[in-house]
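Note on naming: letters A, B, ... go to the chains in the order of the sequence lines (proteins, then strands), and numbering restarts at 1 for each one. Note that the structure is a prediction, hence the values are computed from the model and not measured.
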Number of protein chains: 4
Amino acid sequence: MPKLGMEPIRRDALIKAAIIELGQVGSLDVTVARIAKRAGMSSALAYHYFGSKEHMFLAAMRHVLSVYGAEVRGALAVGETPQARIRALVRVSFTGSNFRRDVVAAWLNFYVMAQRNDQAERLLRLYQARLRSNLRHALRPLVGGRAASLADGAAAMIDGVYLHEALGTGEPDGARAARAVETWLDAAISGKAP
Amino acid sequence: MPKLGMEPIRRDALIKAAIIELGQVGSLDVTVARIAKRAGMSSALAYHYFGSKEHMFLAAMRHVLSVYGAEVRGALAVGETPQARIRALVRVSFTGSNFRRDVVAAWLNFYVMAQRNDQAERLLRLYQARLRSNLRHALRPLVGGRAASLADGAAAMIDGVYLHEALGTGEPDGARAARAVETWLDAAISGKAP
Amino acid sequence: MPKLGMEPIRRDALIKAAIIELGQVGSLDVTVARIAKRAGMSSALAYHYFGSKEHMFLAAMRHVLSVYGAEVRGALAVGETPQARIRALVRVSFTGSNFRRDVVAAWLNFYVMAQRNDQAERLLRLYQARLRSNLRHALRPLVGGRAASLADGAAAMIDGVYLHEALGTGEPDGARAARAVETWLDAAISGKAP
Amino acid sequence: MPKLGMEPIRRDALIKAAIIELGQVGSLDVTVARIAKRAGMSSALAYHYFGSKEHMFLAAMRHVLSVYGAEVRGALAVGETPQARIRALVRVSFTGSNFRRDVVAAWLNFYVMAQRNDQAERLLRLYQARLRSNLRHALRPLVGGRAASLADGAAAMIDGVYLHEALGTGEPDGARAARAVETWLDAAISGKAP
DNA sequence: AATGAATGAGGATTCATTCAT
DNA sequence: GATGAATGAATCCTCATTCAT
């Protein structure tokens with residue numbers, strides 16, 4: 001029997017390396033060879049496991065999204081009041097593994113990829129739909145019929161702030177970012193606008 | 001006899017072609033040959049005028065930014081009340097040449113480019129600084145000390161909505177986008193949050 | 001306990017798979033992995049048994065040739081008159097396992113292989129020499145001194161018809177092919193030409 | 001104005017180099033780089049002119065076929081009697097540029113290519129159809145209704161002899177090859193077989 | 001001013017082959 | 001006996017870029 005069970009380990013290493021390279025190089029032009037090297041293997045092996053560069057990036061994207069999704073679920077489970085749940089939803093985007101420099105940069109590239117790759121587009125839409133849906137549910141008890149429109153706005157706001165961070169030098173400041181979104185949300189919630 | 005004054009015409013054609021290609025292909029991988037072809041000339045001539053692909057993209061970026069800047073100035077000049085000026089600032093981002101499908105996509109790629117190219121980064125920062133500054137000035141009469149923070153928020157919101165449009169299928173809807181931002185701004189202005 | 005006698009079974013499966021793939025893909029570019037997969041094993045095992053891709057192809061070639069040779073011997077044993085023996089020699093080439101679509105295509109590739117591989121060339125020459133020799137022996141009672149030249153012609157004719165079938169669409173028609181050769185042989189035998 | 005009119009020269013050089021390499025290496029695995037080098041240019045230029053390796057091979061094939069076609073037309077124009085025309089048709093296949101060692105080997109590879117490439121298959125069929133048609137026309141005055149079947153036989157015979165030469169060592173002997181075919185044809189023409 | 005010609009360098013992808021278990 | 005793991009070495013193809021004319 002050969003050495004077994006390498007596949008998940010290798011895939012994982014490649015996905016992580018891809019995200020780091022994506023963040024470092026800042027574009028989808030990252031070489032498969034570079035990613036493989038960072039992951040400690042030959043590029044041929046990377047192909048063996050992913051079949052193509054594109055598939056590798058999609059896997060990386062799925063990984064980022066699933067981590068995000070898991071943290072969202074975790075945060076929602078903890079929040080007891082609607083306010084707490086909203087706060088949690090916002091904070092998750094700007095915390096921990098979702099707000100690391102390289103992950104933020106990777107996101108930006110996923111957006112670019114989504115313009116050409118259907119799979120990527122679908123993933124991105126899915127993420128956005130979930131985010132909006134979660135926000136809507138949390139907002140409804142507070143603002144009733146305005147929930148939908150506020151949720152859309154909050155989602156845009158989150159992504160906008162996120163985008164700004166993709167450009168900043170130095171490590172992004174999640175606390176500040178979250179506060180910016182929350183400030184707006186508070187104002188909007190208590191505001192009269194539809 | 002050599003044709004006189006061809007230079008600005010050629011440069012312009014290339015810049016416009018670059019933006020269109022950028023929007024169409026959706027990534028910086030557009031080839032110089034394709035751009036030149038669309039602009040009706042050989043790629044060698046493109047190099048003659050711009051020296052490198054990067055310079056060409058930077059010129060395209062500057063073009064987009066300067067069009068935007070001009071429209072902002074025009075809009076500010078017309079607006080008489082602070083409210084009108086804010087409204088104008090927001091609308092400009094989602095109108096006409098600033099909100100065409102390809103321009104939006106080009107913009108996204110400028111963000112990517114800014115992660116590696118200092119010039120591009122500077123241009124983008126400059127744009128953001130100006131946008132914030134303009135918003136601040138317009139907001140001060142209405143919210144006083146909260147102007148700075150509201151301006152930052154509005155800027156993020158604008159870019160966030162813009163980003164969402166970059167992904168949407170079909171032509172982006174500028175009126176809806178502008179309304180989304182304005183709704184938020186109104187709420188924030190009348191809100192109690194800092 | 002290790003299974004006993006797996007070797008011949010595995011080798012056989014690989015050889016058969018190689019021929020099928022050769023016929024299907026239509027060139028020597030077939031990958032070892034594909035052949036092994038079709039044969040129901042890992043490519044590593046294919047290497048275990050054959051040492052190299054080339055050896056595997058040579059084995060396949062030998063297999064095809066030996067099947068052919070066996071059928072020739074069988075046919076000759078049955079034929080009682082010279083005419084019957086000639087007829088048998090011709091028919092064998094266009095019957096059964098020697099005239100299956102994939103075998104015909106494989107044959108064509110053996111010709112290509114023979115241009116670079118000495119072993120392959122030797123095998124091919126051997127086959128041709130035997131075919132000619134058999135034809136000569138069968139022809140001698142009928143045409144005496146013209147046997148050698150007629151045998152050469154018949155051999156060329158057989159291969160030419162065979163080649164044409166390798167290109168045809170649909171399953172090759174052995175009966176028609178055999179008849180074409182026989183018609184010529186009959187004419188030549190009764191002809192005045194040397 | 002740049003250096004002009006290189007295209008036909010380069011294409012020609014590449015086609016010729018491709019045929020030589022094909023004959024030398026003996027398989028379609030010839031590297032584009034090798035061909036380009038032999039033709040005295042970079043492989044990038046080869047791609048510039050042909051777009052792909054496949055297209056280059058197809059062009060080579062077309063070249064070989066068109067040379068052959070031209071020689072056939074020339075030979076037919078000269079032949080005055082049916083016998084002379086038949087003789088000419090046979091001899092052309094075994095003379096000059098159609099019977100050079102490398103060209104013969106190239107042919108063999110065209111057959112292989114035809115198994116996977118539709119264009120190649122079409123070209124090969126076209127060649128065969130024309131050869132048969134020419135033979136039929138020349139044979140009709142001599143054998144009437146048997147012309148079609150004799151033409152098919154002759155075509156197979158020609159290709160068969162040709163195939164045998166692809167394997168021979170040393171320069172092929174065209175005269176002998178032609179004689180072999182002619183002997184058969186004479187016998188068949190004067191024979192009683194249909 | 002303008003362009004066809006030309007290439008070096010690089011990157012994705014494939015595959016025969018080896019090896020540890 | 002059997003195979004997943006692993007890679008070096010190609011090879012195709014692309015493209016930014018340069019240059020002679």
Side-chain angles (χ1 to χ4, degrees), chain A residues 1-7 9-10 29-37 40-56, chain B residues 1-7 9-10 29-37 40-56, chain C residues 1-7 9-10 29-37 40-56, chain D residues 1-7 9-10 29-37 40-56:
Chain A
M1 278 163 292
K3 190 162 43 155
L4 284 182
M6 278 293 108
E7 173 148 5
I9 298 172
R10 295 301 199 183
D29 288 337
V30 214
T31 305
V32 172
R34 257 188 88 158
I35 296 175
K37 188 172 186 182
M41 70 195 85
S42 73
S43 60
L45 194 54
Y47 277 94
H48 176 64
Y49 284 124
F50 282 107
S52 80
K53 191 184 175 182
E54 203 160 37
H55 282 136
M56 206 164 80
Chain B
M1 307 160 279
K3 289 174 227 160
L4 287 183
M6 284 312 282
E7 173 148 2
I9 297 173
R10 296 295 199 187
D29 288 337
V30 214
T31 64
V32 173
R34 263 188 81 158
I35 295 174
K37 188 172 188 182
M41 70 195 84
S42 73
S43 57
L45 193 53
Y47 274 91
H48 178 64
Y49 282 126
F50 284 106
S52 81
K53 189 185 178 183
E54 204 157 37
H55 282 134
M56 206 163 79
Chain C
M1 309 157 276
K3 288 174 227 158
L4 286 184
M6 283 313 281
E7 172 148 2
I9 297 174
R10 296 295 199 186
D29 289 337
V30 213
T31 63
V32 173
R34 264 187 80 160
I35 296 174
K37 188 172 187 184
M41 69 196 84
S42 73
S43 57
L45 193 52
Y47 275 91
H48 177 65
Y49 282 125
F50 285 107
S52 80
K53 190 185 178 182
E54 204 157 36
H55 282 134
M56 206 163 78
Chain D
M1 275 163 296
K3 191 161 44 154
L4 284 182
M6 277 293 108
E7 174 149 2
I9 298 171
R10 295 300 199 184
D29 288 337
V30 214
T31 305
V32 172
R34 256 186 90 157
I35 296 174
K37 188 170 188 185
M41 70 196 83
S42 72
S43 61
L45 194 55
Y47 277 96
H48 176 64
Y49 284 124
F50 282 107
S52 78
K53 191 185 175 182
E54 202 160 36
H55 281 136
M56 207 163 81

Base-pairing mate for F/dA10 - Watson-Crick or G-U, with both contacts under 3.5 Å: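 Partner of F/dA10: E/dT13.
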So what's E/dT21 paired with, Watson-Crick or G-U wobble, going by both distances under 3.5 Å? F/dA2
Quick check for you: among E/dA6, F/dA5, F/dT3, whose closest atom lies nearest to any side-chain atom of A/Tyr49? F/dA5
May I have the distance from [X] (atom [atom1]) to [N] (atom [atom2]), rounded to whole angstrom?
{"X": "D/Leu4", "N": "E/dA2", "atom1": "CG", "atom2": "P", "result": "16 Å"}
{"X": "B/Met56", "N": "F/dC15", "atom1": "CE", "atom2": "P", "result": "14 Å"}
{"X": "C/Glu54", "N": "E/dT17", "atom1": "CD", "atom2": "C1'", "result": "14 Å"}
{"X": "A/Lys37", "N": "F/dT7", "atom1": "NZ", "atom2": "P", "result": "13 Å"}
{"X": "C/Ile35", "N": "E/dT17", "atom1": "CD1", "atom2": "C1'", "result": "14 Å"}
{"X": "D/Leu45", "N": "F/dT17", "atom1": "CG", "atom2": "C1'", "result": "15 Å"}
{"X": "A/Met41", "N": "E/dC19", "atom1": "CE", "atom2": "C1'", "result": "18 Å"}

Output the distance between atom OG (A/Ser43) and atom CE (A/Met56), rounded to the nearest 0.5 Å. 9.5 Å
Quick one: CE on A/Met41 to CD1 on A/Ile9, what's the gap to the nearest 0.5 Å? 10.0 Å
At a cut-off of 3.5 Å, list every protein nitrogen or oxygen paired with a nitrogen or oxygen from nucleotides 9-11 of chain E, distance to 0.1 Å.
none

D/Arg10 to D/Gly40 - nearest heavy-atom pair and separation: NH1-O, 3.9 Å
Closest non-hydrogen atoms of A/Ala46 and A/Ala36, given as atom of the first, atom of the second and distance, are CB-CB, 4.3 Å
Flag the pair D/Met6 / D/Tyr49 as yes when at least one side-chain heavy-atom distance between them is below 4.5 Å, and no otherwise.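 Touching, per the 4.5 Å side-chain cut-off.
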Going by the rule side-chain hydrogen bond (donor to acceptor under 3.5 Å, both in side chains), which residues pair with A/Thr31 if we only count those two or more places apart in sequence or in a different chain?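 Testing A/Thr31 for side-chain hydrogen bond (donor to acceptor under 3.5 Å, both in side chains), a comparison that skips the adjacent residues, returns none.
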Can you check whether [X] has a side-chain N or O nearer than 4.0 Å to OP1 or OP2 of [N]?
{"X": "D/His48", "N": "E/dA6", "result": "no"}
{"X": "A/Arg10", "N": "F/dG4", "result": "no"}
{"X": "B/Tyr47", "N": "F/dC19", "result": "no"}
{"X": "C/Arg34", "N": "E/dC15", "result": "no"}

Under 4.0 Å, heavy atoms only, any strand: does D/Phe50 hit a base, just the sugar-phosphate, or nothing? nothing
Would you say the side-chain atoms of A/Lys53 pair up with the backbone N or O of A/Val30, donor to acceptor, closer than 3.5 Å? yes
